[in-house]
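One structure is given below, encoded as structure tokens.
Quick note: numbers below take in every heavy atom, side chains included, and nothing from hydrogens, waters or symmetry partners.
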Amino acid sequence: MKKLKILLEVTDEGEPEIIIKCHKLTPDIIKLQQMLASYDAGNGSLNQIIFYKGDTEYYMNLNDILFFQTESSVIYAHTATDAYETKYKLYELEEILPAAFIRISKSAIVNSSLIYSIQRNLAASSVISFNNTHKEVYVSRAYYKMLKNKMEERRFHKL
């Protein structure tokens, strides 16, 4: 992909706007447009991503996502009742998701604010459970300590 030429103009007139000029509409340009459209300037992160199921696009708030998981090179976003495809790779999601999302294995990112429990297993992966759903996801031993720290941080910020 060619390097993008970025022009920035600061003005006191009207609402902020971003204009994308391109020779053709590529998947990368579409992804950039979607990221910009769902950016929440108030908290400096995305608050919505476009998800797919068959030929249908879904516009859901990230607060509804329990976890993202790779299955056969496809990234799925899991809610309490369903799973949707996303066009992002896990490493891209790590960069753009709000701080509540944390990597828990090579194949999964979890929304730490929706974790109900973590069943620790010293010999293997620990199991994360969520409220009001049967869905579970595994946190590998290599990522457990980071998750535990995130949960402690979250707990102290709620006080």
Can you tell me how far apart [atom1] ([X]) and [atom2] ([Y]) are? Round to the nearest 0.5 Å.
X    : Y    : atom1 : atom2 : answer
H134 : T81  : NE2   : OG1   : 9.5 Å
K148 : M151 : NZ    : CE    : 8.0 Å
I118 : I128 : CD1   : CD1   : 5.0 Å
Y58  : D64  : OH    : CG    : 14.0 Å

- Item | Geometric class of the Y84/F51 ring pair [parallel <30°, tilted 30-60°, perpendicular >60°] | tilted
Side-chain touch [X]/[Y], heavy atoms, less than 4.5 angstrom:
X    : Y    : result
F68  : Y88  : no
I49  : L93  : yes
Y59  : I50  : yes
Y76  : T86  : no
I115 : V110 : yes

Minimum heavy-atom separation for [X] and [Y], please, with both atom names.
X    : Y    : value
K106 : Y143 : N-CE1, 4.0 Å
L114 : N63  : CD1-O, 3.3 Å
S140 : S105 : OG-CA, 3.9 Å
I102 : S112 : CG2-CB, 4.4 Å
A108 : L90  : N-CD1, 3.7 Å
S113 : N111 : OG-OD1, 2.6 Å

Joint cluster assignment, [X] & [Y], ILVMFWY side-chain distance < 4.5 Å:
X    : Y    : value
V137 : M146 : yes
I75  : L62  : yes
I104 : I65  : no
Y144 : I109 : no

- For atom NZ of K53, decide whether the heavy atoms of other residues, nucleotides or ligands shown that lie under 6.0 angstrom number more than 12. yes
- Item | Flag if over 12 foreign heavy atoms under 6.0 Å of CD, E94 | yes
- Item | NZ or CZ of K87 within 45° of Y52 ring axis and under 6.0 Å |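 Satisfied, under 6.0 Å and within 45°.
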[X] side chain to [Y] main-chain N or O, any donor-acceptor pair under 3.5 Å?
X    : Y    : value
K150 : A99  : yes
K135 : D82  : yes
N121 : A124 : yes

- Task: Evaluate the side-chain hydrogen bond (donor to acceptor under 3.5 Å, both in side chains) criterion for residues E136 and Y138: first the C-alpha distance (whole Å), next the side-chain angles of each, then the deciding distance (0.1 Å), finally the verdict.
- Result: CA-CA 7 Å; E136 298 177 331; Y138 294 91; 4.7 Å; no
